[in-house]
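If you're wondering where the values come from, they're calculated on a predicted model, not measured in any experiment. We count residues from 1, following the sequence as given. What's counted below: heavy atoms across the whole structure, side chains too, no hydrogens, waters or symmetry copies.
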Amino acid sequence: MFRRSTAPAAPKTSAPRAVTPQARYMGHDRTGVLSMRRAVTRDVKLDVREAANRSFGLAFDFLQNSGWISGAADQIIADMIGAELKLNAKPDLKGLGYEEKERADWCRLVEKEWRRWSWTPWECDLEGKATVGEMLDGAARYYLAGGEALAVLDFMGRADRRRYGIQTGTKVRLVSPHRLTQHTSPMEGWDQGIYHDATGRPTHYRFRRASSGLDVDADIPARDGVLMRVLHVMDRGATPNSPRGISPMAPAFRTIAQSDQLADATLTTALLQTAFAATIQSPEPSEVAFQALQQLHDLEENDPEQFEGASDLAGDLFTVWEQRLDALKSKALSIGGDASQVNHLGPGENLQLHGAVTPGPQYLPFQQNLLREMARCLGVTFENLTMDHSNASYSSTRMATASIWPITVRRRERIIAPLAQGIYEAWLDEAIGTGRIPIKGGYAAFAANRDKVVDSEWRGPPRPSADPYKDALANKLRLEQGSTTLQQICAEQGDDWEETVDQIAIEAARMRAAGITPPFGRMSGGEGAGPQGAAAEGRREPSNGD
């Protein structure tokens with residue numbers, strides 16, 4: 001007979017679960033840091049539309065009230081534009097029967113007339129206040145604040161020109177991006193204030209204008225025939241598939257605000273510490289000491305034999321303190337005010353001066369890290385943002401400039417140059433149409449070859465150099481090796497190589513006429529060299545470096 005066992009059954013042990021290796025994105029987020037960060041997937045234009053107004057307001061606030069951002073904006077504009085963007089006309093006039101010399105002369109005439117018109121506010125600005133260069137500066141500032149810049153081209157008729165005493169009718173008005181409405185109606189074709197046709201091309205812009213103290217909407221066509229009416233420039237690569245732009249400073253808004261908050265908090269702490277920086281260490285009795293003296297007096301009263309003289313001791317101590325108080329009354333202590341000096345301290349007192357301990361040793365590294373993030377987002381070097389070159393070397397400066405300069409050139413070519421080109425094309429169209437700029441075949445030939453005639457480049461300031469002498473030696477070596485051209489070197493310096501050559505020829509001829517050896521040309525070897533490839537007479541560099 002079998003009897004059921006009453007012993008408890010052994011617990012079942014499950015085999016440990018094997019961790020299955022996973023190869024997927026974001027699979028390493030074991031701490032949940034990424035899961036706490038909220039993010040959604042949607043079109044970029046929706047993000048731009050929701051944040052554009054707030055972003056524009058914050059950006060302009062920082063531009064106006066932050067010394068770091070205001071200085072960085074000035075630096076960015078100076079690097080992109082400098083004193084002005086210089087027109088370098090590059091037309092292809094072979095089809096119109098121009099020889100190379102004729103083409104060069106025509107280009108010089110166009111550039112001369114353009115500069116005269118663009119530097120005359122009464123002629124180029126609809127309101128008669130700003131030059132084209134100043135409007136381009138404003139466009140760059142609008143781009144930094146809003147990620148886009150807008151200008152409206154207008155034309156003054158003959159009666160208005162006669163009334164103002166001006167010659168040209170082409171006029172420009174710079175418009176703030178916040179004046180372009182955010183009106184959106186997908187069913188009608190409106191997207192953030194811009195009306196698009198069936199293929200997605202902009203045809204009208206809806207601006208909010210001030211009229212008699214009220215803001216009214218006005219729809220302006222994007223083009224007037226072959227000419228642009230509204231010039232809308234932005235870095236469309238930064239906000240793909242979005243009709244509007246957003247401030248390039250937007251990713252750094254929090255960092256900029258943190259920097260200001262850190263500076264304010266540090267200053268407040270330092271001021272509080274400074275207010276209590278002078279203290280006096282005094283042996284004056286505390287409340288406990290006075291209570292102890294009172295106990296000495298009470299003990300002698302309760303047991304005169306055992307505590308004889310205790311009351312006299314307490315009296316003597318009170319006498320000493322009375323003398324010290326009299327000394328304090330006769331000799332004043334002054335800290336602050338007009339007489340910031342210590343005349344006399346009481347017996348046993350010690351004056352202590354405390355220095356402010358703010359900012360602490362961690363302040364500067366943290367503040368510099370914030371500034372580096374701001375500089376990286378703005379597209380300037382840390383040294384340009386802070387004007388602190390104490391830790392910069394020649395190599396680090398060259399590397400920083402080499403990294404940042406393509407950003408400057410990119411912004412110039414995508415933001416400022418297209419705006420200047422749109423204004424230039426409208427001006428040249430009128431200048432040729434009215435005969436101020438002659439061209440073979442007249443306006444009809446120009447209209448038939450418009451794209452070839454209006455072709456041009458816009459030169460800005462050269463790339464900053466940490467050591468111009470070393471750069472000049474490098475250019476000299478590259479020229480002698482044939483790895484570069486004068487045109488390329490002049491373009492890097494923001495100059496026109498043809499103008500440079502013409503000016504050199506004029507100066508060389510003037511020097512020869514005066515009996516002076518011109519300093520231009522190769523100093524060793526090359527064409528016109530002396531015996532065995534040595535430098536020609538008058539072009540030899542001293543061998544001893546004198």
**Student:** Between Ser55 and Ser247, what is the shortest heavy-atom contact and its length?
**Tutor:**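 Closest pair (atom of Ser55, atom of Ser247, distance): OG-CB, 3.6 Å.
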**Student:** When rounded to the nearest 0.5 angstrom, what distance separates OG1 in Thr401 from CD1 in Ile404?
**Tutor:**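 Answer for the OG1-CD1 pair, Thr401 versus Ile404, is 8.5 Å.
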**Student:** Check the pair Trp117, Thr168 against side-chain hydrogen bond (donor to acceptor under 3.5 Å, both in side chains), reporting the backbone distance first and the verdict last.
**Tutor:** CA-CA 9 Å; Trp117 178 83; Thr168 61; 3.0 Å; yes
**Student:** So which of Arg179, Arg208, Arg209 actually passes side chain to side chain donor-acceptor pair (under 3.5 Å) with Asp215?
**Tutor:**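 Only match with Asp215 under side chain to side chain donor-acceptor pair (under 3.5 Å): Arg179.
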**Student:** For Asn475 and Arg478, which I'm curious about, is there any donor-acceptor pair between the side chains at under 3.5 Å?
**Tutor:**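 Arg478 and Asn475 do have a side-chain donor-acceptor pair below 3.5 Å.
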**Student:** Check whether more than 12 heavy atoms from other residues, nucleotides or ligands sit under 6.0 Å from atom CZ of Arg223, and answer yes or no.
**Tutor:**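 Yes - once you tally the heavy atoms of other residues, nucleotides and ligands closer than 6.0 Å, there are more than 12.
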**Student:** Quick one: does any side-chain atom of Glu113 pair with a main-chain N or O of Ala431 as donor and acceptor, under 3.5 Å?
**Tutor:**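 Judged by distance alone, no pair lies under 3.5 Å.
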**Student:** Is the closest side-chain heavy-atom distance between Asp451 and Asp455 below 4.5 Å?
**Tutor:**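 Sidechains of Asp455 and Asp451: no contact.
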**Student:** State the CZ-CG distance between Arg436 and Leu109, to the nearest 0.5 angstrom.
**Tutor:**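 Taking CZ in Arg436 and CG in Leu109, the distance rounds to 11.5 Å.
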**Student:** How long is the straight-line distance from CD of Glu134 back to OG1 of Thr131, given to the nearest 0.5 Å?
**Tutor:**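 Rounded to the nearest 0.5 Å, the OG1-CD separation comes to 3.5 Å.
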**Student:** Look only at the side chain of Gln192 and the backbone of Lys45, and say whether a donor-acceptor pair between them is shorter than 3.5 Å.
**Tutor:**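 Present.
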**Student:** Just how far is it from atom CZ of Phe366 to atom OG1 of Thr266, taken to the nearest 0.5 Å?
**Tutor:**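 Atom-to-atom, Phe366:CZ and Thr266:OG1 are 10.0 Å apart.
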**Student:** Kindly say whether Ser242 contributes a backbone atom to a donor-acceptor pair with the side chain of Thr239 at under 3.5 angstrom?
**Tutor:**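 A pair under 3.5 Å: no.
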**Student:** Is it the case that over 12 heavy atoms from other parts of the model lie below 6.0 angstrom from the CG atom of Asp264?
**Tutor:**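 Yes, enclosed.
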**Student:** Quick check: closest heavy atoms across Leu262 and Leu370, and the distance to 0.1 Å?
**Tutor:**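 Heavy atoms of Leu262 and Leu370 come nearest at CD2-CD1, 4.3 Å.
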**Student:** Has the side chain of Trp122 got a donor or acceptor atom that lies under 3.5 Å from a matching backbone atom of Tyr164?
**Tutor:**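 Judged by distance alone, yes, a pair lies under 3.5 Å.
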**Student:** Please walk me through it: do His183 and Thr181 pass side-chain hydrogen bond (donor to acceptor under 3.5 Å, both in side chains)?
**Tutor:** CA-CA 5 Å; His183 175 66; Thr181 68; over 6 Å; no
**Student:** If only atom types and distance count, is the side chain of Ser259 paired as donor or acceptor with the main-chain N or O of Thr255 below 3.5 Å?
**Tutor:**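 Checking the backbone N and O of Thr255 against the side chain of Ser259, no donor-acceptor pair under 3.5 Å is found.
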**Student:** Counting only heavy atoms not in Gln64, do more than 12 sit closer than 6.0 Å to its CD atom?
**Tutor:**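 Count over threshold, so yes.
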**Student:** More than 12 heavy atoms of other residues, nucleotides or ligands under 6.0 Å from NZ of Lys440: is that the case?
**Tutor:**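 Yes, because the 6.0 Å sphere around NZ of Lys440 holds more than 12 heavy atoms from other groups.
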**Student:** Taking Arg206 for its side chain and Asp219 for its backbone only, find out whether a donor-acceptor pair lies under 3.5 Å.
**Tutor:**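 Side chain of Arg206 to backbone of Asp219, a donor-acceptor pair under 3.5 Å: no, none is there.
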**Student:** Can Glu99 and Lys101 be said to form a salt bridge (charged side-chain N to carboxylate O under 4.0 Å, His left out), step by step?
**Tutor:** CA-CA 6 Å; Glu99 299 293 336; Lys101 181 64 169 58; over 6 Å; no
**Student:** So Glu148 and His232, side-chain hydrogen bond (donor to acceptor under 3.5 Å, both in side chains) or not? Walk me through it.
**Tutor:** CA-CA 7 Å; Glu148 57 188 354; His232 182 205; 2.8 Å; yes
**Student:** What residue among Arg244, Arg412, Arg411, Arg410 forms salt bridge (charged side-chain N to carboxylate O under 4.0 Å, His left out) with Asp235?
**Tutor:**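 Per the salt bridge (charged side-chain N to carboxylate O under 4.0 Å, His left out) rule, the option paired with Asp235 is Arg410, out of Arg244, Arg412, Arg411, Arg410.
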**Student:** Locate the shortest heavy-atom distance separating Leu153 from Gly422; write the atom from each residue and the value.
**Tutor:**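 Result for this residue pair: CD1-O, 4.0 Å.
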**Student:** Which value, rounded to the nearest 0.5 Å, describes the distance between Asp61 atom CG and Ile256 atom CD1?
**Tutor:**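 The CD1 atom of Ile256 is 10.0 Å from CG of Asp61, to the nearest 0.5 Å.
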**Student:** Please test Glu383 against Thr397 for side chain to side chain contact (heavy atoms under 4.5 Å, CB included), starting from the C-alpha separation and ending with a verdict.
**Tutor:** CA-CA 9 Å; Glu383 289 76 18; Thr397 301; 5.8 Å; no
**Student:** Tell me whether the count of non-hydrogen atoms from other residues, nucleotides or ligands lying under 6.0 Å of NZ in Lys171 goes above 12.
**Tutor:**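 Yes, NZ of Lys171 has more than 12 neighbouring heavy atoms, counting only those of other groups under 6.0 Å.
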**Student:** Counting N and O atoms only, with roles assigned by atom type, does the side chain of Glu123 sit under 3.5 Å from a partner on the main chain of Gln167, one being a donor and the other an acceptor?
**Tutor:**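 Present.
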**Student:** Which is it for Glu84 and Arg115 under the salt bridge (charged side-chain N to carboxylate O under 4.0 Å, His left out) test, yes or no, and what are the steps along the way?
**Tutor:** CA-CA 10 Å; Glu84 65 170 330; Arg115 195 174 194 280; 3.2 Å; yes
**Student:** So among Arg463, Arg398, Lys476, which one has a salt bridge (charged side-chain N to carboxylate O under 4.0 Å, His left out) with Asp471?
**Tutor:**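 Testing each of Arg463, Arg398, Lys476 against Asp471, the sole residue satisfying salt bridge (charged side-chain N to carboxylate O under 4.0 Å, His left out) is Arg398.
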**Student:** Hey, mind stepping through Arg450 and Asp429 against side chain to side chain contact (heavy atoms under 4.5 Å, CB included) and telling me if it holds?
**Tutor:** CA-CA 9 Å; Arg450 181 183 300 273; Asp429 182 271; 2.8 Å; yes
**Student:** Is there a side chain to side chain contact (heavy atoms under 4.5 Å, CB included) between Val44 and Val48 once you walk through the steps?
**Tutor:** CA-CA 6 Å; Val44 175; Val48 172; 4.1 Å; yes
**Student:** Please check this pair: side chain of Thr434 against backbone of Glu430, looking for a donor-acceptor N/O pair closer than 3.5 Å.
**Tutor:**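 Yes; judged by distance alone, with no hydrogens or angles, the pair exists.
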**Student:** Output yes when a side-chain donor or acceptor of Glu111 lies under 3.5 Å from a complementary backbone atom of Ala89, and no otherwise.
**Tutor:**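 Side chain of Glu111 to backbone of Ala89, a donor-acceptor pair under 3.5 Å: yes, one is there.
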**Student:** Got a sec: does the OH of Tyr363 have more than 12 other heavy atoms crowding it under 6.0 Å?
**Tutor:**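 Atom OH in Tyr363 is crowded, with more than 12 foreign heavy atoms closer than 6.0 Å.
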**Student:** Give a yes-or-no answer on whether the side chains of Asp79 and Gln75 include a donor-acceptor pair shorter than 3.5 Å.
**Tutor:**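 Yes, Gln75 and Asp79 have a side-chain donor paired with an acceptor closer than 3.5 Å.
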**Student:** Within a radius of less than 6.0 Å around CZ of Arg201, do more than 12 heavy atoms belonging to other residues, nucleotides or ligands occur?
**Tutor:**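 No, CZ of Arg201 has 12 or fewer neighbouring heavy atoms, counting only those of other groups under 6.0 Å.
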**Student:** Any non-hydrogen side-chain atom of Ile166 less than 4.5 Å from a side-chain atom of Met156?
**Tutor:**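 A side-chain contact exists here, since the closest heavy-atom pair is under 4.5 Å.
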**Student:** Determine, for Phe382 and Arg372, whether the Lys NZ or Arg CZ falls below 6.0 Å from the six-membered ring centre while staying within 45 degrees of the axis.
**Tutor:**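 Because its charged atom sits under 6.0 Å from the ring centre and within 45° of the axis, Arg372 does stack over Phe382.
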**Student:** What closest approach, in Å, do Arg414 and Val233 show between heavy atoms, and which atom pair accounts for it?
**Tutor:**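 Minimum heavy-atom contact is O-CB, 4.4 Å.
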**Student:** With a 4.0 Å cut-off, would you call Asp105 and Arg108 a salt bridge?
**Tutor:**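 Salt bridge between Asp105 and Arg108, a charged N being under 4.0 Å from a carboxylate O: no.
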**Student:** Determine whether more than 12 heavy atoms belonging to other residues, nucleotides or ligands lie under 6.0 Å from atom CZ of Arg510.
**Tutor:**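 It does not: Arg510 CZ has 12 such atoms or fewer within range.
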**Student:** If you apply the rule side chain to side chain contact (heavy atoms under 4.5 Å, CB included), what do you find for Leu385 with Arg376, and how did you get there?
**Tutor:** CA-CA 10 Å; Leu385 177 64; Arg376 176 71 270 187; over 6 Å; no
**Student:** Kindly give the heavy-atom pair with the smallest separation between Ala151 and Val172, and that separation in Å.
**Tutor:**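 Scanning both residues completely, I find the closest heavy atoms to be CB-CG1, 4.1 Å.
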**Student:** Can a salt bridge be assigned to the pair Arg173 and Asp125 using a cut-off of 4.0 Å between side-chain N and carboxylate O?
**Tutor:**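 A salt bridge is absent here (no side-chain N lies under 4.0 Å from a carboxylate O).
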**Student:** Fit a plane to each ring of Tyr205 and Phe207, take the angle between them on a 0 to 90° scale, and name the class: parallel (under 30°), tilted (30 to 60°) or perpendicular (over 60°).
**Tutor:**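 The rings of Tyr205 and Phe207 lie parallel, inter-plane angle below 30°.
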**Student:** Do the side chain of Asn449 and the main chain of Lys452 share a donor and acceptor less than 3.5 angstrom apart?
**Tutor:**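 Not a single qualifying donor-acceptor pair exists.
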**Student:** Considering all heavy atoms of both residues, which atom of Ala52 and which atom of Gln182 are nearest to each other, and what is their separation?
**Tutor:**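 Heavy atoms only, the tightest pair is CB-NE2, 3.8 Å.
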**Student:** Heavy atoms, side chains only, cut-off 4.5 Å: are Pro518 and Arg512 in contact?
**Tutor:**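 Yes, their side chains come closer than 4.5 Å.
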**Student:** Rounded to the nearest 0.5 Å, how far apart are CD of Glu100 and CG of Leu93?
**Tutor:**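 Between Glu100 CD and Leu93 CG, I get 9.5 Å after rounding to 0.5 Å.
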